[in-house]
Protein chains: 2
Amino acid sequence: MSMERELLLLGLLQQQDMHGYQLHEFIERYMQSCVDLKKSTAYYLLDKLAKEGLILSSEEREGNRPPRQVYKLTPAGQAHFLNLLRQNLATHLPARFPGDIGLAFADSLPLPEIHALLQTRRSALAEALAAAEQTPPHTGSLQLLIEHQIAHLQSELAWLDGVIDRLGHTKPG
Amino acid sequence: MSMERELLLLGLLQQQDMHGYQLHEFIERYMQSCVDLKKSTAYYLLDKLAKEGLILSSEEREGNRPPRQVYKLTPAGQAHFLNLLRQNLATHLPARFPGDIGLAFADSLPLPEIHALLQTRRSALAEALAAAEQTPPHTGSLQLLIEHQIAHLQSELAWLDGVIDRLGHTKPG
DNA sequence: TTCTGAATAGTCGGTATTGACTATTCGATT
DNA sequence: AATCGAATAGTCAATACCGACTATTCAGAA
């Protein structure tokens with residue numbers, strides 16, 4: 001498993017014991033800007049971490065609900081978490097831009113159509129930025145992620161505007 | 001397969017017939033900023049596109065070299081390519097920041113250590129920016145990708161400097 | 001000419017990831 | 001008290017993906 005996903009699960013469990021569903025909910029709600037982790041993948045990875053002895057699972061029932069597996073960090077897991085954390089903080093992990101692939105082939109379409117399509121993209125981007133700016137403030141480091149997202153989207157918007165602008169001045173042929 | 005990878009392969013074959021190895025070489029050399037596509041994955045996806053009738057493969061030998069599969073777009077593939085291209089250009093695909101996961105759990109380490117680790121990250125980031133700025137200019141839309149990468153890395157560097165700076169002023173406790 | 005290292009051109013077994021599905025419970029509504 | 005939709009808590013078969021490996025050719029050194 002990639003180190004980011006591993007760090008993510010261990011990190012959340014280090015803050016608080018949780019069961020799989022809860023873990024996935026939290027990630028979807030508050031961390032969608034850094035990872036996309038499907039529910040079934042989360043369960044798969046939790047199983048694997050348990051087999052590696054980094055976390056322990058125990059049954060628990062609440063009210064009439066069917067029993068569920070609650071996970072907690074082992075001492076080995078705690079140590080491993082700290083190592084991954086150090087490694088993550090010290091490394092620059094390049095972000096990928098899947099939207100650039102289209103740009104790379106844009107010459108296959110007539111200029112006015114490219115312009116119209118990029119205007120649509122611009123709107124979507126501006127909306128994402130507005131949504132990020134609307135996010136209510138969070139505590140501690142989650143706030144950091146929101147601010148990062150906003151700074152990034154602002155830079156993206158400025159860049160896209162530059163691209164759209166230059167599109168008009170392109171000499172045909 | 002994700003639409004980006006599909007668009008990428010069809011797009012390259014639309015510009016020029018190629019064989020698998022060549023395709024992968026090009027992607028590694030010139031498009032590492034938008035995708036990470038392993039060689040074996042490229043072959044797997046080419047097989048799949050062929051099965052879907054979007055590309056055709058034919059044997060070809062050059063000199064004494066063993067024969068190899070050369071791929072070309074079918075008319076269906078060309079049409080599909082244009083649709084994917086329109087969709088890609090019109091959509092904002094959010095980038096992910098795996099480096100943010102560490103930041104989210106930074107409070108697990110003492111402040112001076114976080115500071116030291118982030119300085120290391122900053123160096124790596126600055127180096128990546130310098131490398132991007134050193135890239136010799138390219139023709140057409142590939143130049144666009146390089147400029148995007150530079151703009152992005154500049155924004156990342158400014159943001160990281162802000163984070164490191166605020167770290168010093170944080171009141172402990 | 002024989003060896004060695006780099007470039008070319010892939011294949012294959014195993015791991016990671018996910019979409020689609022199951023099943024239970026709860027609260028509200030009829 | 002029966003029904004319906006949303007929330008909870010997962011499972012599983014199928015796909016996607018990749019690391020490590022194989023095999024050939026070529027250029028240059030010994």
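Order of the sequence lines sets the chain letters (A, B, ...), proteins ahead of strands, with each chain counted from 1.
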Okay, side chain of B:R96, backbone of A:C34: is any donor-acceptor separation there less than 3.5 Å?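 Between the backbone of A:C34 and the side chain of B:R96 there is no qualifying donor-acceptor contact (under 3.5 Å).
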> About how many Å separate CG of A:L46 and CE of A:M18, when rounded to the nearest 0.5 Å?
Replying inline: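 The CE atom of A:M18 sits 10.5 Å away from the CG atom of A:L46.
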Give, for atom CD1 of B:I150 and atom OG of B:S155, the distance between the pair rounded to the nearest 0.5 Å.
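The distance works out to 13.5 Å.
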Carboxylate-amine/guanidinium proximity below 4.0 Å for A:R86 and B:E113: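 Salt bridge present between A:R86 and B:E113.
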For [X] and [Y], test the side chains for any donor-to-acceptor distance below 3.5 angstrom and give the result as yes or no.
| X | Y | value |
| --- | --- | --- |
| A:H92 | B:E127 | no |
| A:E156 | B:H148 | yes |
| A:E28 | A:Q32 | no |

**Asked** Taking NZ from B:K39 and P from C:dA9, how many angstroms apart are they, rounded to a whole number?
**Response**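 Going from NZ in B:K39 over to P in C:dA9 covers 11 Å.
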Item to complete: Starting at atom CE of B:M3, determine the distance to atom C1' of D:dA16, rounded to an integer number of angstrom.
Response: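 So the two atoms are 18 Å apart, to the nearest Å.
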Between the protein and nucleotides 13-16 of chain C, list the N/O to N/O atom pairs that are separated by less than 3.5 angstrom.
residue, atom, partner, partner atom, Å
C:dA16, OP1, A:M1, N, 3.0
C:dA16, OP1, A:K48, NZ, 3.3
C:dA16, OP2, A:Y44, OH, 2.6

Practice prompt. Can you check whether any acceptor in the base of D:dG10 is under 3.5 Å from a donor in the side chain of A:S40, or vice versa?
Written response: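 When only heavy-atom distances are counted, A:S40 does not reach the base of D:dG10 through any donor-acceptor pair under 3.5 Å.
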- Query: Where along residues 18-38 of chain A does a heavy atom come under 4.0 Å from DNA chain C, residue by residue in number order?
  - Reply: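 A:K38, in order of number.
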*Degree of bending, the helix from C:dT1-D:dA30 to C:dT30-D:dA1 (end axes from five pairs; round to 10°)*: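 Rounded value for the end-axis angle: 0°.
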